[in-house]
Amino acid sequence: MNEVGVVIDMGGTMIKIGLVADGKILVHTKVDAESQVSLEQRLQSVGDVADGLLREHGLTPIGIGIAFPGIVDAGNRKILSRYVKYPDAQDFDLTAWADRRWGVPLAVENDARAALVGEWQYGAGQQCDNLVLVTLGTGFGSAVLINGKLLRGRNHVAGNLGGHVTMNVHGSTCNCGNVGCLETECSAWALEEYVRKQAGFTSSALADEQDITFKNIFAQSRAGDALAKAVLTHCLKVWSFGIISLIHAYDPERIIIGGGIMKSQDVIIPTVREMVAKHSWVKDNAPEIVPAVQTEFAGVLGMYHALSTLRKGRQPVQGVSAL
């Protein structure tokens with residue numbers, strides 16, 4: 001068996017490339033996202049990397065799956081976003097690119113929805129058809145599954161904008177145009193500006209860090225730095241209240257939390273559980289709150305599921321792009 005699905009998961013900071021067969025990732029690698037360049041430029045390089053992996057391992061592509069960090073019309077295989085990442089993405093013909101490059105069909109999906117499907121089929125969401133996935137990392141991604149169907153909405157944004165609910169009516173303007181979004185209060189892209197504005201920054205150990213990252217916040221908090229502890233408390237509250245809003249909106253059986261920040265899940269998961277139990281409307285029958293199992297490669301597996309399901313002739317998960 002030398003036929004594989006080629007899956008490209010275009011995260012906010014890194015792009016994951018995987019060759020997948022029978023629900024298993026045979027080969028994978030990562031490259032920088034470089035989201036300030038055009039999508040056409042980046043996919044040229046990513047396609048070259050994928051070709052190298054295919055040649056090296058003697059594998060043949062049977063389909064291409066792309067998970068994209070933005071608003072996606074999966075049915076028409078189009079990216080609808082026109083801000084922040086890859087300035088030409090909305091106008092780029094992904095189907096024609098896949099056909100020119102490999103002569104194979106294409107599936108495209110929002111990255112959070114792809115990760116949700118990956119966890120649903122292969123990870124922490126198994127045996128559960130009412131799920132919310134939250135990804136903590138560059139931003140605050142979200143996706144929703146209700147009765148086994150992906151939630152989409154008229155403009156393809158339903159369930160995906162958990163990071164863009166207003167948390168601070170007096171906050172700064174987000175890159176999406178809204179004011180005081182959750183992401184402006186607590187996300188990797190906004191963290192350094194937020195920390196530098198805090199009283200006591202110059203006397204904090206964080207002032208000596210070359211870059212202010214969540215890794216540093218957690219480390220300095222554990223070491224007892226007062227500002228780091230205060231910032232972490234703030235972020236945990238923001239994440240928790242964002243998750244509570246998603247619980248109130250979608251009433252899931254289970255919340256799955258993933259993303260790079262979950263290396264500190266020993267702090268995050270108990271705090272979120274405590275906040276949900278204390279503050280949510282459904283505190284007497286709260287959803288399970290669990291860490292993602294597939295961590296880095298949930299999106300890769302989710303896009304593989306879309307490809308394999310359709311190749312076998314079964315009805316795909318509603319909204320997942322068809323071959």
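- In this structure, the side chain of Asn130 does not engage the main chain of Ile146 through any donor-acceptor pair within 3.5 Å.
- Taking the six-membered ring where the residue is Trp, Trp239 and Phe214 present tilted rings, their angle falling between 30° and 60°.
- Using a 3.5 Å distance cut-off with no hydrogens or angles, the side chains of Gln220 and Glu209 do pair a donor with an acceptor.
- Although no hydrogens or angles enter the test, the distance criterion places a donor-acceptor pair under 3.5 Å between the side chain of Glu183 and the main chain of Phe140.
- Residues Met14 and Leu191 do not share a hydrophobic cluster, clusters being chains of Ile/Leu/Val/Met/Phe/Trp/Tyr side chains in contact below 4.5 Å.
- When the side chains of ILVMFWY residues are joined at heavy-atom separations under 4.5 Å, either directly or via intervening members, Val46 and Val27 end up in a single hydrophobic cluster.
- Shown here for Pro252 and Pro287, the closest heavy-atom pair between the two residues is O-CB, 3.3 Å.
- Between Ala286 and Val276, the closest heavy-atom pair is CB-CG1, 4.0 Å.
- One hydrophobic cluster, built from ILVMFWY side chains closer than 4.5 Å, cannot hold both Val49 and Val37; they sit in different ones.
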**Request:** Evaluate the criterion side-chain contact (heavy atoms from CB on, under 4.5 Å) for residue pair Gln90 and Ile79; output intermediate values, then yes/no.
**Result:** CA-CA 5 Å; Gln90 192 177 42; Ile79 294 165; 5.5 Å; no
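- Under the 4.5 Å side-chain heavy-atom criterion for ILVMFWY residues, a single connected hydrophobic cluster contains both Leu53 and Met10.
- Contact of the Val72 side chain with the Asn160 side chain is not registered, since no non-hydrogen atoms from C-beta on lie closer than 4.5 Å.
- When atom types are taken as modelled, the side chain of Gln126 and the backbone of Gly123 share a donor-acceptor pair closer than 3.5 angstrom.
- The shortest non-hydrogen separation linking Ala124 to Pro291 is CB-O, 3.5 Å.
- Using a 4.5 Å heavy-atom cutoff, the side chains of Val290 and Ile257 are not in contact.
- Trp189 and Val238 are not part of a single hydrophobic cluster, where members link through side-chain heavy atoms under 4.5 Å apart.
- Between the CD1 atom of Ile25 and the CZ atom of Phe297 there is a distance of 5.5 Å, given to the nearest 0.5 Å.
- You'll find the side chain of Val293 reaches within 4.5 Å of the side chain of Glu119, heavy atoms only.
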**Item:** Test log, rule side-chain hydrogen bond (donor to acceptor under 3.5 Å, both in side chains), inputs Glu274 and Thr271
**Value:** CA-CA 5 Å; Glu274 180 181 352; Thr271 303; 5.6 Å; no
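- When side chains are defined from C-beta on, Leu232 counts as touching Phe218, because their heavy atoms get closer than 4.5 Å.
- Taking CG from Leu94 and CD from Glu40, the interatomic distance works out to 11.0 Å, rounded to the nearest 0.5 Å.
- A perpendicular orientation is assigned to the rings of Trp102 and Trp97, their planes being inclined by more than 60° (bins at 30° and 60°).
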**Request:** Applying salt bridge (charged side-chain N to carboxylate O under 4.0 Å, His left out), run through Asp266 and Arg222 and close with a yes or a no.
**Result:** CA-CA 12 Å; Asp266 62 312; Arg222 292 179 196 274; 3.3 Å; yes
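- Salt-bridge formation is not detected for the pair Glu109/Lys78: no Lys NZ or Arg NE/NH1/NH2 atom is positioned less than 4.0 Å from an Asp or Glu carboxylate oxygen.
- Donor-acceptor pairing under 3.5 Å is recorded for the side chains of Asn178 and Thr166.
- Across every non-hydrogen atom of Leu151 and Tyr250, the tightest pair is CD2-CE2, 3.3 Å.
- Inter-residue side-chain proximity for His234 and Tyr194 is flagged as met; some heavy-atom pair is nearer than 4.5 Å.
- Under a 3.5 Å cut-off, the side chain of Asn110 and the backbone N or O of Arg113 do form a donor-acceptor pair.
- Using the six-membered ring where Trp is involved, Tyr122 and His305 have ring planes that are perpendicular, over 60° apart on the 30 and 60° scheme.
- Side chain of Ser204 to main chain of Gly200: no donor-acceptor pair is present (N/O by atom type, distance under 3.5 Å, no hydrogens or angles).
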**Message:** side-chain contact (heavy atoms from CB on, under 4.5 Å), that's the test. Do Leu161 and Ile71 meet it? Break it down for me.
**Reply:** CA-CA 9 Å; Leu161 299 182; Ile71 306 307; 4.2 Å; yes
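- Once rounded to the nearest 0.5 Å, the distance linking CE of Met167 with NZ of Lys237 reads 12.5 Å.
- Inter-residue side-chain proximity for Gln36 and Tyr86 is flagged as unmet; no heavy-atom pair is nearer than 4.5 Å.
- Between the side chain of Thr184 and the backbone N or O of Cys181, at least one donor-acceptor pair lies under 3.5 Å.
- For the pair Ala292 and Gly258, the tightest heavy-atom approach, listed with the atom from each and the gap, is CB-CA, 3.8 Å.
- Within the model, atoms CG of Leu131 and CD of Glu288 stand 9.5 Å from one another, a figure rounded to the nearest 0.5 Å.
- With respect to Asp93 and Arg77, no salt bridge is recorded, no charged nitrogen being found less than 4.0 Å from a carboxylate O.
- Taking the charged nitrogens against the carboxylate oxygens, Arg42 and Asp32 have no contact shorter than 4.0 Å, which rules out a salt bridge.
- Contact of the Lys16 side chain with the Glu296 side chain is registered, since non-hydrogen atoms from C-beta on lie closer than 4.5 Å.
- A donor-acceptor contact shorter than 3.5 Å links the side chain of His248 to the backbone of Trp281.
- Within 6.0 Å of atom CG in Asp48, more than 12 heavy atoms from other residues, nucleotides or ligands are found, so the atom counts as buried in its surroundings.
- A distance-only check finds a donor-acceptor pair linking the side chain of Thr213 to the backbone of Asn216 [under 3.5 Å].
- Looking only at distances, no side-chain donor or acceptor of Arg196 sits under 3.5 Å from a matching main-chain atom of Phe201.
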**Asked** Hey, mind stepping through Arg101 and Asp51 against side-chain contact (heavy atoms from CB on, under 4.5 Å) and telling me if it holds?
**Response** CA-CA 10 Å; Arg101 182 103 203 192; Asp51 274 336; 2.9 Å; yes
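- Checked by atom type and distance alone, the side chain of Arg273 never pairs as donor or acceptor with a backbone atom of Ile268 at under 3.5 Å.
- The shortest distance between side-chain heavy atoms of Phe68 and Asp111 does not fall below 4.5 Å.
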**Request:** Go through Leu150 and Val144 one step at a time and tell me if the side-chain contact (heavy atoms from CB on, under 4.5 Å) criterion holds.
**Result:** CA-CA 6 Å; Leu150 287 169; Val144 178; over 6 Å; no
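- Atom CE in Met262 sits 11.0 Å away from atom CD1 in Ile256 (nearest 0.5 Å).
- The minimum heavy-atom distance between Leu133 and Ala115, with the atom names listed, is CD2-CB, 3.5 Å.
- In this structure, CG on Asn168 lies 11.0 Å from CG on Leu182, to the nearest 0.5 angstrom.
- With a 6.0 Å radius and a threshold of 12 heavy atoms from other residues, nucleotides or ligands, Lys283 has its NZ atom above the threshold.
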